[in-house]
Structures are given as C-alpha cells and as structure tokens.
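Remarks on the structure that follows.
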Amino acid sequence: MTKLALYSKLKHMKLEYIVFIIIIGSYLFSSIIDLLNIKNIQTEVPPEFQGFYDQEKYEKSQAYLKTNTKFALLEGAISTLLLVAFIALGGFNFIDLQIRGVTSNSIFQGLLYIATLSFFSGLIGLPFHIYDTFVIEEKFGFNKTTPKTFIGDLLKNVLMGVLIGGIVLAVIFWFFETVNNAWIWVFSFIILFQLFVMFIAPVTIMPLFNKFEPLEDGPLKTEIENFARKENFKLSGLFKMDGSKRSTKANAYFTGFGKFRRIVLFDTLIQKHTQQELVSILAHEIGHYKEKHIFRQLFISILTTGLTFYVFSLFMKNPEIFKAFQMENISIYASFVFFGIFYSPISTAISLYSLYLSRKHEFEADSYAVRTYGHSQELVNALKKMSVDSLSNLNPHPLKVFFEYTHPPVIQRVKAMEKR
C-alpha cells in the first residue's frame, strides 16, 4: 500500500469515527440528562400541590418517570447499537445496491431507498411502541387504545407517509438534480407546502385519526363565545375531540388559519374541569394567537428550514462522506440520510432558542389569560389538575428543561401567576 493510499484510508476511517462519535455521543448526552432528571426527584409533595397530589399518587408519578426513562434508555441503546453496526457492516451500501438493481431512475431509487430505511426503522421501533402503549401506559392507567385502533393508526400513518412523504421527496430530489441553486427552490416549495398543510390539516388529515364534533350548545359554549367576542377573536370552529379513545390524558389546542381556524377540546378535558377552568385554558390558547406567538414560531421555523437546506447544498454528494459510509455510488438521496446524522448536533443547538422562546411564550399566554379572563386561580387549578392527571414530573432537572422542554415546569408557571 502506497503512502497516499494509506493516508486516504486513515482519513476515511477518521471520518467514519466522527460518525460513530456523533451517534454514540448524542445517545450518551441525552442519557446523562435523563439520569440527572431522575436524581432530581424530590420525595415530598411540593407545597404548591398540597391538596392536589396525595403521597401515594405523587410516588406513582415518580415511578412513571423512572419507568419511562429506563425504557427510553434501553430503546436508545438498542437503536444506537443497531445503527452503528449497520454502518460498520456497510448496510447503507448494501441497500443502495439492491435498489439500483430494481430501477435506473434516480428519483425512484431515492424513494425506494428512503422507504426501505424507514420500513426497517419502523420495524425496529414497533415492539417498543407496542410495549409503551399496552404495557407502560396500561400499567399506569392511561391507555385506552385498542389493538384495532393501534393497527388502524399504524396503517394510516404509513399511508400518509407514502403518499405525502413520497410526493415531497420526489419534488425535492427533482429540484436538486435538475436546477441550479436548488436549495432556494426546495426551501420555497417546503414553506408553501407546510403552509398549505397547516390550512387543510384540521379538515382533511386530523379527522382521519379522531372524531371532531362541534361543542354542543350550553353554558360552556356561551362563555367561550362571549370571551372570544370580547377579545375580538373570530372563532371558525369550536370542537370536542374523542381523545379518550386512546388515552385518559387531557389537552386542548389551537390549530389552522383563516376560515379553517379552530379550537379543539379533548373530551377528557371537558370531563375533568369546571367551566371557568376550561375557559381559562382556552384563553391561554387564544393568548398564543393574540400575542403573535404562532407567527413568531412560524418565522423561526422558516429561517431554520432555509438554513438547513442551504447547509445541505454544501454537504451534498461529498465523496469523503460517502466513503466513510462505505458507499460505492454517490447520490442525492443518500446525501439526505447522511446529512441527517451529521446535522443532528447542529439542529439540537439551533433548537435551543426556539425552545427558550416557546417557554417564554407560555408565561406570556398565561399572563394574557389572567389579564383578559381574570380567573387566575381557575387557570392555576387547571394546570395542577392536568399535571396530576398525566403524572407529570414536577421537578425536572434544569438541563432537561433547557434542552427539551417546550413548556416551563408547571410549578414555575403557578408561581409566576401567584406573583401577579
């Protein structure tokens, strides 16, 4: 072996090691945060939750956290080891060669390649998903999902992924293969597509998974409409969703734009809260719109998407990276897969500001709800009830909050409202 060949081999091995460091390092980093989160558990019920949590249920919430954390660590360890082994054994190249034997069309090759990787990834994750739903969630009293609903959801998700994901990927591959400065065109297409889905999802996609019924006439609907009218918030729809078909956990959310804009209440939420608590929750959701949080997050998402595709355009078809993954052929579609691995630490770092802003927005939406609806204690009670019903961790580690939480810990939100 010549010195040049030896240098080239060492260089490629070094890059391959970087890939392994990124994959294993990401798992170890998240695992350390999860372990710190468990150690941060406090055995006594916080003063703010006296009367909401009894000691037995509080201990149950801690057991729920430990069980989920241990399960996530196990799932992450197995997934990480399988991915490292897959790369080391040349799995990406093996699948690519099989795909190339089926079709010579590069776009079809890309769709088959992504579909094959997604299939095996989903197959590996399926036992974990089943165990989480029918063992862990069942053990702690949350699961209401039947095997029929589970299988139906799985098939619908696969169908949506094939139809929508296939179309989007085909367009992306076509742009990168045929157009100069393709990242600009792809970025524009993705933004337009996302906006389109945000408009139509509430009336076309979401009903595939849940049943939405207009909230029946009565004191609750009247109170909500009166508040919305007072705040000059036009309601295009006020719906109740059958969340109880999958879980006992409760929630409410705001979705859609324009004439498709709607507020959705889980049926489990309506069952467990008073009228003023429910209106307080909706006032919080309306606050996100009135305080322009949705548009700010959308703007950040657009900027992040543009940056991601620009960086990908610089990364695309790098021969050194393909050699690190033992690939015999260079392609756009494999570039996407490898880019996802290399970009994950950068993506995590970029997301920190968005997470911080999201937590800040929650405080502001709470403030809006208290300021406009006025029932601060009802909102506090609602937050406490939802936390207890979902066995939320009341004392997450600060690093867990910093790197993963979109919402502030509920105790911080309660204290902030009590100060007002």
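Keep in mind that the numbers below use all heavy atoms, side chains included, and drop hydrogens, waters and symmetry copies. Note that the numbering runs from 1 along the sequence shown for the chain.
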For the side chain of [X] and the backbone of [Y], is there at least one donor-acceptor N/O pair under 3.5 Å apart?
{"X": "Thr133", "Y": "Ile130", "value": "no"}
{"X": "Ser358", "Y": "Thr406", "value": "yes"}
{"X": "Lys139", "Y": "Phe134", "value": "no"}
{"X": "Tyr333", "Y": "Phe108", "value": "no"}
{"X": "Thr178", "Y": "Trp174", "value": "yes"}
{"X": "Tyr27", "Y": "Ile22", "value": "no"}
{"X": "Asn37", "Y": "Ile33", "value": "no"}

Check your understanding: Please, which pairs that meet salt bridge (charged side-chain N to carboxylate O under 4.0 Å, His left out) have at least one residue in residues 182-197, sequence neighbours excluded?
Key -> none

Point to revise | Inter- and intrachain pairs under salt bridge (charged side-chain N to carboxylate O under 4.0 Å, His left out), touching residues 339-363, at least two apart | key: Lys360-Glu364, Glu362-Arg413

Tell me if the aromatic rings of [X] and [Y] count as close, with their centers under 6.0 Å from one another.
{"X": "Tyr373", "Y": "His375", "result": "yes"}
{"X": "Phe227", "Y": "Phe233", "result": "no"}
{"X": "Tyr368", "Y": "His288", "result": "no"}
{"X": "Phe312", "Y": "Tyr343", "result": "no"}
{"X": "Tyr310", "Y": "Phe187", "result": "no"}
{"X": "Phe402", "Y": "Tyr356", "result": "no"}

With a 4.0 Å cut-off on N to O distance, would you call [X] and [Y] a salt bridge?
{"X": "Lys240", "Y": "Glu216", "answer": "yes"}
{"X": "Lys290", "Y": "Glu231", "answer": "no"}
{"X": "Lys66", "Y": "Glu59", "answer": "no"}
{"X": "Lys221", "Y": "Glu223", "answer": "no"}

Please check if any side-chain donor atom of [X] sits under 3.5 Å from a side-chain acceptor atom of [Y], or the reverse.
{"X": "Ser106", "Y": "Glu177", "answer": "yes"}
{"X": "Asn210", "Y": "Asp242", "answer": "yes"}
{"X": "Ser244", "Y": "Asp267", "answer": "yes"}
{"X": "Gln297", "Y": "Ser354", "answer": "yes"}
{"X": "Glu138", "Y": "Asn143", "answer": "yes"}

Exercise for review: Show your working on salt bridge (Lys or Arg N to Asp or Glu O under 4.0 Å) between Lys385 and Asp389 and close with a plain yes or no.
Suggested key: CA-CA 6 Å; Lys385 285 183 181 180; Asp389 288 339; over 6 Å; no

Review point. Yes or no on side-chain hydrogen bond (donor to acceptor under 3.5 Å, both in side chains) for Asn93 and Gln326, after CA distance, side-chain angles and deciding distance?
Key: CA-CA 6 Å; Asn93 183 57; Gln326 304 179 43; over 6 Å; no

Revision key, fill the gap. Tested for salt bridge (Lys or Arg N to Asp or Glu O under 4.0 Å) against Asp153, the lone hit among Arg246, Lys245, Lys148 is Arg246

Point to revise | Nearest-0.5 Å distance that lies between atom CG in Leu82 and atom CZ in Phe86 | key: 10.5 Å

Exercise for review: Measure the CD1-CG distance between Ile38 and Leu65 for me, rounded to the nearest 0.5 Å.
Suggested key: 5.5 Å

Check your understanding: So which of Phe49, Tyr53, Phe52 actually passes ring pair (Phe, Tyr, Trp, His ring centres under 6.0 Å) with Tyr58?
Key -> Tyr53

Practice item. Give the C-alpha distance, both sets of side-chain angles, the deciding distance and a yes or no for side-chain contact (heavy atoms from CB on, under 4.5 Å) between Leu35 and Leu73. Key: CA-CA 9 Å; Leu35 292 173; Leu73 291 174; 3.9 Å; yes

Check your understanding: Hey, mind stepping through Thr304 and Phe299 against side-chain contact (heavy atoms from CB on, under 4.5 Å) and telling me if it holds?
Key -> CA-CA 9 Å; Thr304 303; Phe299 179 70; over 6 Å; no

